[in-house]
Amino acid sequence: MLIHHQLTVNGSSTTRVLIDPDAGQGSTVWPSVGEYPIYDEVLYDTLSSDALRNERFRAALRKLAPGRVALDIGTGQYLNWARESIRSGAEHAVAMEVMDETFRAAEHNLRAWNLDHSITLLHGNSSELTIEPQADLCVAEIIGSIAGAEGAAAIFSDARRRLMTDDGVVIPDRCTTQAAGVCLRKVLDRHKIAFSPSAVPHLTKIFAWNQGFFDVRLRIKEPDPRGVITTSAPIEELHFNGDLRTEQEQRVELEVDRAGHVDGVLLWLQLFHLPSCPPLDALAHHTSWASVYIPLFPSEIPVERGDRLALTVVTQTSDDGIHPDYHVTGALSTANGRYIGEHISAHHGHTFRSHPVYRTLFP
Ligand SMILES: C[S@@+](CC[C@H](N)C(=O)[O-])C[C@H]1O[C@@H](n2cnc3c(N)ncnc32)[C@H](O)[C@@H]1O
């Protein structure tokens, strides 16, 4: 049975949140968290124990770090990539962290591990810091479940312009956000459309940071792949060592490959740590990156094999100058008609309960 949880932020504003008390395991709904300054020990531990993610970063550093000056942007409390750079033979590493509490924990760990001679730790946002000499390697895990959601395009562009030598290299090399048509009910497998109970502390922190409620991105942990019923295509491409764009527009056409229903799209990350390596795929592999569901149509639309979903995704930097908003438009062509739907997935703001799925989740 689903329950209503009363959520209060900043002492006064309240909303109800729909919770599935049984949603502990399998496909569940969470808010997307990586793009907000709400990291805590649990999130850092989740990242640090993601074996696939870590091994890909380590392999890239073993190849590129020897002899270089490395810059680790968003080092976290464990200084993972600064330490790994030194272990792989970097001459020196500079680590940057913006969150106060995380920085203090990193500072404590750096001293405890006796690494302060090889790693320089700086407190602040990379866009407001300078380093001397410039780095010839930049490594950062500021990649979201929607690849660019944590501001990677703006942050790496700035680092390449100011903090790195002209011949410096970036790890990861590139990433894409893939999209496919889905029916939310199906990707949630046997679960109901409701938040997991463990989502409540994250919702509370995000809304407190935003100073109000808004339509948070819906992160689907372990979506059931049987709910994905169209082909997939990239709707965001970020080339960190090449032509890196902070804003972009992508148009793709997806084909329904079996009969079912569509009410939105699922977005997920493909991450290429090195130019030549196969991607880490957040839908196919077991990793801490999840998928994000974007609602498009007010109800489930029946589709047949061969029907087409044309998507246009406009990625625009939000008013904080770093984190993007995503404007997704879909045109679904079926034998019974053509359906148009859209959704603006904003990083922050005050648009709340804009779509039936949000009115279900926040009744
Ligand atoms: C996903 S966590 C990664 C932590 C660690 N590097 C790892 O991979 O395990 C991203 C971290 O980057 C920090 N961060 C994000 N943008 C930053 C920026 N522009 N400058 C400094 N720190 C940043 C966040 O506070 C957070 O600690």
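Note that the coordinates shown come from a computational prediction; the quantities given were computed from them, not determined experimentally. Read the numbers this way: they start at 1 and go in the same order the structure lists the ligands and their atoms. The residues of the chain are indexed from 1 along the displayed sequence.
- Here Trp81 and Phe57 bring their ring centres to under 6.0 angstrom of each other.
- Nearest protein neighbour of atom 10 (C) of ligand 1, counting heavy atoms only, is Glu141 O, 3.6 Å.
- Remark: among candidates Asp158, Val139, Val98, the nearest residue to atom 23 (C) of ligand 1 is Val98, based on non-hydrogen atoms.
- In this structure, His350 has its ring center no closer than 6.0 Å to that of Phe213.
- Of all the heavy atoms of Asn80, the ones lying under 4.0 Å from any atom of ligand 1 belong exclusively to the side chain.
- Atom 19 (N) of ligand 1 has Ser126 OG, 3.0 Å as its closest protein atom, hydrogens excluded (heavy atom only).
- Ligand 1 has no atom lying under 4.0 Å from any heavy atom of Ala140.
- Given atom 27 (O) of ligand 1, the protein heavy atom at minimum distance is Tyr44 OH, 2.6 Å.
- In Trp81, the part holding a heavy atom less than 4.0 Å from any atom of ligand 1 is the side chain.
- Contact between Tyr78 and ligand 1 is absent, with no heavy atom of the residue lying under 4.0 Å from the ligand.
- A centroid separation of less than 6.0 Å is found between the aromatic rings of Tyr44 and Tyr39.
- Aromatic pair Phe240/Phe272: ring centres not closer than 6.0 Å.
- Protein heavy atom closest to atom 12 (O) of ligand 1, with residue, atom name and distance, is Gly74 CA, 3.0 Å.
- With respect to atom 16 (N) of ligand 1, the closest heavy atom belonging to the protein is Ile155 CD1, 3.8 Å.
- No more than 12 heavy atoms of other residues, nucleotides or ligands sit less than 6.0 Å from atom CZ of Arg305.
- Aromatic pair Tyr358/His343: centroids less than 6.0 angstrom apart.
- One option in Glu97, Met99, Gln77, Met96 has a heavy atom closer to atom 24 (C) of ligand 1 than any other, and that option is Glu97.
- Scanning the protein heavy atoms around atom 21 (C) of ligand 1, the nearest turns out to be Gly124 O, 3.4 Å.
- The ring of Phe352 has its center no closer than 6.0 angstrom to the ring center of Phe214.
- Environment of CD in Glu101: sparse, with no more than 12 heavy atoms of neighbouring residues, nucleotides or ligands closer than 6.0 Å.
- In terms of polar-atom proximity, Asn125 is counted as a contact of ligand 1, with an N or O under 3.5 Å from an N or O of the ligand.
- When non-hydrogen atoms are compared, ligand 1 lies under 4.0 Å from the backbone of Thr75 (N, CA, C, O) but not from its side chain.
- Counting heavy atoms of neighbouring residues, nucleotides and ligands inside a 6.0 Å radius, atom NZ of Lys192 does not exceed 12 of them.
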- Message: Is there a side-chain contact (heavy atoms from CB on, under 4.5 Å) between Glu237 and Arg174? Walk through the geometry before answering.
- Response: CA-CA 8 Å; Glu237 298 194 30; Arg174 65 189 192 281; over 6 Å; no

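- Considering only non-hydrogen protein atoms, atom 15 (C) of ligand 1 sits nearest to Ile142 CG2, 3.9 Å.
- Residue-ligand proximity: Arg53 is placed with a non-hydrogen atom under 4.0 Å from ligand 1.
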